[in-house]
Amino acid sequence: MELIDIVDENGNFTGVVMDKEEAHDKNLLHNEVAFLLSMKKKSIT
């Protein structure tokens with residue numbers, strides 16, 4: 001279970017905290033950050 005803060009359409013906290021899956025089922029807004037790291041291999045010549 002992952003608890004998240006629900007926000008309004010302006011990004012303001014509403015004071016509601018619920019399970020992330022339930023928030024998605026109800027199409028409620030919440031803040032989220034994603035990070036992708038990609039590294040290239042150096043070729044040895």
Side-chain angles (χ1 to χ4, degrees):
M1 178 193 284
E2 181 179 355
L3 296 177
I4 57 172
D5 291 300
I6 304 302
V7 298
D8 65 16
E9 51 279 336
N10 295 314
N12 300 311
F13 293 105
T14 63
V16 176
V17 177
M18 69 174 53
D19 180 60
K20 185 176 183 179
E21 189 174 321
E22 181 182 358
H24 284 186
D25 290 344
K26 294 180 177 183
N27 293 321
L28 298 175
L29 299 174
H30 61 88
N31 295 321
E32 186 166 315
V33 175
F35 180 79
L36 175 65
L37 176 63
S38 177
M39 298 176 65
K40 294 182 182 180
K41 284 187 173 182
K42 290 185 178 182
S43 61
I44 300 174
T45 55

Considering all heavy atoms of both residues, which atom of [X] and which atom of [Y] are nearest to each other, and what is their separation?
| X | Y | value |
| --- | --- | --- |
| V7 | N31 | CG1-ND2, 3.7 Å |
| M18 | I6 | CG-CD1, 3.9 Å |
| D19 | M1 | OD1-CG, 3.1 Å |

Tell me if a side-chain donor or acceptor on N10 pairs with a main-chain N or O of N12 at a distance below 3.5 Å.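 Here the side-chain-to-backbone pair does not exist.
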Count the heavy atoms of every other residue, nucleotide or ligand shown that sit under 6.0 Å from CD of E21, and state whether that count exceeds 12.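 Open.
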Residues two or more places apart in sequence or in another chain: which of them pass side-chain contact (heavy atoms from CB on, under 4.5 Å) with E32?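 Testing E32 for side-chain contact (heavy atoms from CB on, under 4.5 Å), a comparison that skips the adjacent residues, returns K20, H30.
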Rounded distance (nearest 0.5 Å) linking atom CG of D5 with atom CG of L28: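 Output value for this atom pair is 12.5 Å.
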